[in-house]
Amino acid sequence: MIKKEISIDLLAAQFPEINDLGLLSELKRYSEVIYATENKIIIEYGDQVTHVPMVISGTIKVSRQDENEHELFLYYLSSGDSCAASFSCCMVAKRSEISAVAEEDSILLMVPLKYANEWMEKYPIWRNFIFNMYEQRMYSLIDTIDRLAFTKLDEQLIEYLDLKSEAIKSSLIETTHQEIADDLNVTREAISRLLKKLEQSGKLKLGRNKIYLNN
DNA sequence: ACATTAATTGTGT
DNA sequence: ACACAATTAATGT
């Protein structure tokens with residue numbers, strides 16, 4: 001990683017929310033500028049968290065490790081974002097629960113936790129900035145959870161249909177969406193919508209009380 | 001054949 | 001998740 005200087009003007013341009021000369025000059029003074037090339041690992045799972053990253057340009061992919069080795073995508077950080085989660089790590093003084101990798105060539109401002117903390121009291125504008133980041137991250141996490149829950153149900157449903165089809169030795173399953181929903185402990189609407197998608201992708205055909213599987 | 005009704009499925013917020 | 005619309009199958013006349 002190559003380190004370079006960064007101008008206050010550029011900082012102000014990327015983070016209009018923290019337009020305070022005192023804060024900006026402290027930022028410039030105490031934080032490190034990092035040029036991360038594509039696929040550069042910025043924080044690895046288990047690393048000690050020492051800085052709050054602020055993204056000046058580029059995109060950072062934040063993910064969590066599966067029990068195995070599989071990566072679970074959480075969210076992207078792009079220009080003007082910050083990873084406020086770093087704060088929770090520093091308050092509990094623990095190690096990173098996530099890993100962050102540069103998705104493309106990126107420029108980051110790494111703010112030492114010590115200062116990031118002090119500024120919470122010193123600069124209300126900074127505190128607001130951090131709180132806003134928390135809120136944004138929260139929303140993107142909720143989206144991610146939705147996506148996950150949806151994917152799992154998708155697979156569950158296909159497995160359910162395959163099992164049933166095999167059990168009755170027929171590709172014609174006679175049941176209602178409600179019955180399936182009860183079996184899988186989800187709402188009927190979720191099943192209806194999934195089935196329709198599966199129909200559109202050609203995996204099956206729907207009729208009232210009927211599902212024709214295309215093997 | 002047609003109207004009525006209940007059950008199932010679809011959609012928007 | 002909920003409320004409501006639309007569609008479909010069944011039933012009675």
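Atom set for the values below is all heavy atoms of this structure, side chains included, hydrogens, waters and symmetry mates excluded. Naming: A, B, ... by sequence-line order, numbering from 1 per chain.
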Integer-rounded Å distance: B:dG10 P and A:L195 CG: 8 Å
Should the ring pair A:Y123 and A:W119 be called parallel, tilted or perpendicular, given that the plane angle runs from 0 to 90° and is split at 30 and 60? perpendicular
Look at the side chain of A:N214 and the backbone N and O of A:G202, then say whether any donor-acceptor pair between them is shorter than 3.5 Å. yes
Short N-O contact, A:R127 and A:E121, less than 4.0 angstrom: no
Anything under 4.0 Å to a heavy atom of chain A counts; send over the first and last such nucleotide of DNA chain C, read 5' to 3'. C:dA1 to C:dA9
Under 3.5 Å, is there a donor on one side chain and an acceptor on the other for A:R188 and A:S192? yes
I'd like to know if A:D81 pairs up with A:R137 as an ion pair, taking the criterion as any Lys NZ or Arg NE/NH1/NH2 lying under 4.0 Å from an Asp or Glu carboxylate oxygen. yes
Between N or O atoms, less than 3.5 Å apart, protein on one side and nucleotides 5-8 of chain B on the other: list the pairs.
unit_1, atom_1, unit_2, atom_2, d
B:dA7, N3, A:R208, NH2, 2.4
B:dT8, O4', A:R208, NH2, 3.2

Rounded distance in Å - CD (A:E199) to P (B:dG10): 8 Å
Below 4.0 angstrom, N of the basic side chain to O of the carboxylate: do A:E199 and A:K205 qualify? no
Test: ring-ring contact (aromatic ring centres under 6.0 Å, His included). Region: residues 96-115 of chain A. Which pairs qualify, not counting sequence neighbours? A:Y30-A:Y115
Verify the distance criterion only: is there a donor paired with an acceptor across the side chains of A:D182 and A:Q178 at less than 3.5 Å? yes
Atom CD1 of A:I211 to atom C1' of B:dT9: distance rounded to whole Å? 12 Å
